[in-house]
Amino acid sequence: MPHRRVIDGFTVCETLHEGGMAVLYRVERNPDDPPMLMKVPRLREGEDPAAIVSFEMEQMIMPRLSGPHVPRLIAQGGFEAQPYIVMERIEGQALSSRLRDLPLPPEEVASIGAAIADALDALHHQHVVHLDVKPANILFRETGEAVMIDFGLAHHEQLPDLMAEEFRLPYGTTPYMAPGQALGVRNDPRSDLFALGVVLYQLATADLPFGEPQHLKGVKARLWRDPVPPRRRRSSIPPWLQEIILRCLEVSPTKRHPTAAQLAFDLRHPEQVELTERAEKRSRDGYLTVLRRRLRPETFEQRAFTTARQVRSAPIIAVAIDISAVDEGLAAALRDQALRMLGNRPGARIACLNVLKTALLSIDTTLDEQGRNRHVQRLVELQHWARPLGLGESRLTFHVLESADVADAILDYARANRVDHVVLGARAESLSRRLLGSVSGKVAAEAPCSVTVVRQRHTG
Amino acid sequence: MRIALLADIHGNLEAFRACLEHARARGAERLVLLGDLVGYGADPGAVLDIAMEEVGRGAIALLGNHDEAAIATGGSGMNDMAAAAIAWTRARLTQAQRDFIADLPLTAEEEGRLYVHAEASAPARWRYVTDADAARRSMEAVHAHATFCGHVHKPGLYSLGDTGKLVGFRPVAGAPVPLARGRHWLAVLGAVGQPRDGDPSACYMMLDTGAQLQASWMRVPYDVTTAAAKIRAAGLPVGLAERLFVGR
């Protein structure tokens with residue numbers, strides 16, 4: 001057996017990957033440790049100095065990240081001796097391993113995309129913009145969660161941005177880079193949504209929307225030259241998927257989804273995606289339109305503390321409406337509350353929920369005409385409730401959930417859709433409430449987000 | 001170990017006490033006072049007494065330009081309000097307090113960290129680190145891996161890497177920044193007793209010297225109303241009281 005190097009107690013085994021800026025080794029320490037890898041920067045004379053700085057950034061950012069969407073940090077060593085980062089080795093495959101199976105069916109593109117958007121949402125909530133979203137940097141756990149790796153180009157809004165200050169040229173991977181990023185903006189989380197849009201385009205069509213430019217000049221062309229619409233490349237792509245992909249690929253960040261959570265929401269609810277002219281676009285923009293954009297390209301400005309502000313500005317608010325209780329006063333109070341929470345946040349959206357109670361033990365009622373009618377009737381009533389809000393289709397969705405337990409249904413919905421705030425009405429005192437407990441009490445206690453319980457003021 | 005770094009207390013007893021309490025509650029085991037204990041505020045004596053007690057227990061205290069002015073040079077070269085405060089302070093110090101100030105060093109160093117009141121290349125010249133050029137001059141003049149200074153009353157962080165590029169950063173309150181080895185760091189503290197960055201809450205730094213050195217700029221609300229009322233009652237310039245409410 002060859003002699004193996006030991007660094008700070010970690011035995012260095014075989015090389016897993018050699019990248020331009022760093023090398024990854026499999027490492028071992030104790031028999032009961034999880035699978036681990038060690039990342040070591042390339043520091044030799046003549047190597048790109050960005051390799052050092054990007055490694056320093058990763059050493060600053062990784063200890064600040066947690067949760068299932070990033071590899072768990074195990075140890076790191078500084079530049080006074082051997083710099084390294086030891087982290088959990090994700091056993092699942094990278095998304096890049098799927099590139100030989102392209103194109104993927106639309107449903108799979110959407111579910112992969114939603115998982116990646118969840119991971120980006122988790123990063124953005126932790127003040128980080130990844131800035132190098134591409135298939136090789138996206139892994140999947142066996143439990144299905146997407147894991148983002150490689151934070152060497154990332155921006156953390158609460159830490160000095162060494163990459164931005166040291167190097168004038170933007171770093172990134174040219175096919176996936178957002179136009180703003182190509183112009184040097186590093187703190188807009190919507191740059192990651194653009195890159196994810198490129199990934200979705202690639203998964204759905206097997207082509208890259210902007211090719212593989214070798215130079216930054218080529219990257220800047222995406223400021224004015226729009227991609228071939230996905231459905232032109234693959235006619236089997238449904239309009240809703242083209243709508244989502246082209247929205248991600250908008251040059252102006254304000255035209256993209258405001259948050260990764262909202263993008264995930266659309267990918268999980270294709271039937272509720274508002275279709276605009278993007279969905280039906282058949283060809284690229286004409287010569288004159290492109291020329292006009294080229295002469296007056298979009299401008300981007302760097303704003304302070306954009307990541308958290310952007311995430312906060314566009315919450316998903318779920319309003320649970322108990323239609324069976326038909327209390328006009330409470331329904332109006334819920335609407336008032338929803339309007340107040342929308343406030344002056346044009347990115348906020350409302351999901352209207354109603355739970356259709358099903359018996360615990362019942363025969364399959366999916367084909368039951370009566371059941372379908374009840375479902376449709378509830379939807380119509382939700383729409384009736386929401387009409388006075390005066391919101392466009394893109395900010396309003398309707399969901400009739402079927403469950404034996406109302407509180408569980410609302411909680412499951414809030415967890416699966418990354419809801420930021422649940423609003424529900426307090427039921428009047430009743431025998432069933434005394435016997436079954438309060439739905440609002442259970443939701444308030446167990447929800448993964450804030451919960452507002454609305455009750456009409458007692459005037460007696 | 002956690003170390004609390006306090007600069008520019010300026011005789012503001014309410015702010016000083018609030019920061020000390022805040023730091024102790026968060027596990028600070030060591031105290032470094034980076035100068036300007038007096039000047040502007042109405043409690044120079046009480047602040048000095050606490051500082052003397054803390055130094056007796058192992059704290060580090062450094063000299064600031066207002067401390068020096070209060071016992072030696074006077075307020076010449078200062079603006080009118082500052083000079084008036086120095087004249088007022090001077091008349092109220094005991095001999096023991098004057099002796100304490102006279103013994104304060106300009107700098108202190110421990111474990112590769114340099115503590116100093118003003119710009120470190122010439123500490124006695126009381127220069128401000130308000131821009132990249134001053135930060136570079138300071139970092140190039142010292143061997144320390146990390147320098148900590150005050151004097152400016154606005155938080156700031158500068159870093160100099162092997163490539164010679166200087167990075168400037170405005171710290172976010174309460175968010176720890178790792179000061180990684182392999183590059184030089186210059187951390188400018190906010191002021192305890194007279195913040196000027198638009199946030200009236202007192203500012204101090206919590207330094208964590210674990211596996212990696214981490215600096216957090218902490219903000220502590222304190223009883224501004226009382227501190228300002230004492231300044232007015234003492235007959236000090238009213239502007240010194242008013243600015244505390246707005247942090248300017």
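For clarity, every value in this text was computed on a predicted model and none was experimentally measured. Residue numbering restarts at 1 for every chain, and letters A, B, ... go by the order of the sequence lines.
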*For B:E140, enumerate each residue passing the salt bridge (charged side-chain N to carboxylate O under 4.0 Å, His left out) test, keeping only those at least two apart in sequence or located in another chain.*
B:R136
*For A:R5, does the CZ atom have more than 12 heavy-atom neighbours from other residues, nucleotides or ligands under 6.0 Å away?*
no
*Inter-residue atom distance A:D161.CG - B:F169.CZ, 0.5 Å rounding*: 9.0 Å
*Would you find more than 12 non-hydrogen atoms of other residues, nucleotides or ligands less than 6.0 Å from A:R64 atom CZ?*
yes
*Could you tell me which of A:Q76, A:E56, A:H127 has the largest number of non-hydrogen atom pairs under 4.5 Å with chain B?*
A:E56
*Which residue pairs pass the side-chain hydrogen bond (donor to acceptor under 3.5 Å, both in side chains) test with at least one member in residues 18-38 of chain A, sequence neighbours excluded?*
A:E14-A:R26, A:E18-A:R42, A:R26-A:E28, A:R29-A:D33
*What part of B:Q212 is in contact with chain A, defined as an atom under 4.5 angstrom from a non-hydrogen atom: side chain, backbone, both or neither?*
side chain
_Just verifying a value: how many Å separate A:Q158 CD and B:R170 CZ, rounded to the nearest 0.5 Å?_
13.0 Å
_side-chain contact (heavy atoms from CB on, under 4.5 Å) involving B:A51 - partner list, sequence neighbours excluded_ = B:L33, B:L37, B:F100
*Under 4.5 Å, heavy atom to heavy atom: which of residues 176-189 of chain B reach chain A? Give them by number, or say none.*
B:P176, B:V177, B:P178, B:R181, B:G182, B:R183, B:W185
*asked:* Surrounding CD of B:E110 (heavy atoms of other residues, nucleotides or ligands, distance under 6.0 Å), is the total greater than 12?
replied: yes
